[in-house]
Amino acid sequence: MKDGKSVMLIANVSDSNTAASDIIEYGSSDGLPMMFGGLCPGEGDDVYFIGGSPSKASSIYKWNIQSKGEASILACSSELSFDDDLISVPKQVEFPTTLGTAFGYYYAPKNG
């Protein structure tokens with residue numbers, strides 16, 4: 001997770017006895033939602049997963065690795081949606097403690 005957003009790593013592994021030759025990172029700039037998981041391969045270069053954001057309910061998405069367009073929603077858990085100006089988006093933070101570095105999320109206030 002980078003800046004509180006999920007990233008997808010795709011590795012090209014041609015032989016189980018060798019290390020991955022190409023590792024590519026994908027994220028929201030490639031058309032993926034802010035948070036996602038539960039990936040499942042599809043036909044060709046399609047990938048299916050569950051994703052969402054603070055302002056969008058969990059949904060089932062389809063995304064094509066080659067075209068890198070906006071992931072399409074196939075089904076959504078709710079019809080409710082919220083304006084991005086009303087919902088705080090978490091930012092990943094880290095801070096020192098007596099036991100080492102601690103990690104958390106900061107939700108800055110939003111007042112529309």
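Note that this is a predicted model, so its numbers are computed, not measured.
- Here the OG-CD1 distance, from Ser58 to Ile73, works out to 10.5 Å after rounding to the nearest 0.5 Å.
- Between atom CG of residue Asn64 and atom OG of residue Ser72 there is a gap of 9.5 Å, rounded to the nearest 0.5 Å.
- Note on Leu39 and Leu32: same hydrophobic cluster, where clusters join Ile, Leu, Val, Met, Phe, Trp and Tyr whose side-chain heavy atoms are under 4.5 Å apart, directly or indirectly.
- Here the closest non-hydrogen pair linking Ala71 and Pro33 is CB-CD, 4.3 Å.
- When all heavy atoms of Ser59 and Cys76 are compared, the pair lying nearest together is OG-SG, 3.2 Å.
- Under the 30°/60° scheme for interplanar angles, the aromatic rings of Phe49 and Tyr61 are found to lie parallel.
- To the nearest 0.5 Å, the span separating NZ on Lys110 from CG on Asp85 amounts to 6.0 Å.
- Atom-to-atom distance recorded for Tyr105:OH and Lys91:NZ is 12.5 Å, nearest 0.5 angstrom.
- At a threshold of 4.5 Å between side-chain heavy atoms, the hydrophobic network of Ile, Leu, Val, Met, Phe, Trp and Tyr places Ile50 and Met35 in two separate groups.
- Side-chain rings of Trp63 and Phe36 stay apart, their centers remaining 6.0 Å or farther from each other.
- The heavy-atom pair separating Pro54 from Val89 by the smallest distance is CG-CA, 4.2 Å.
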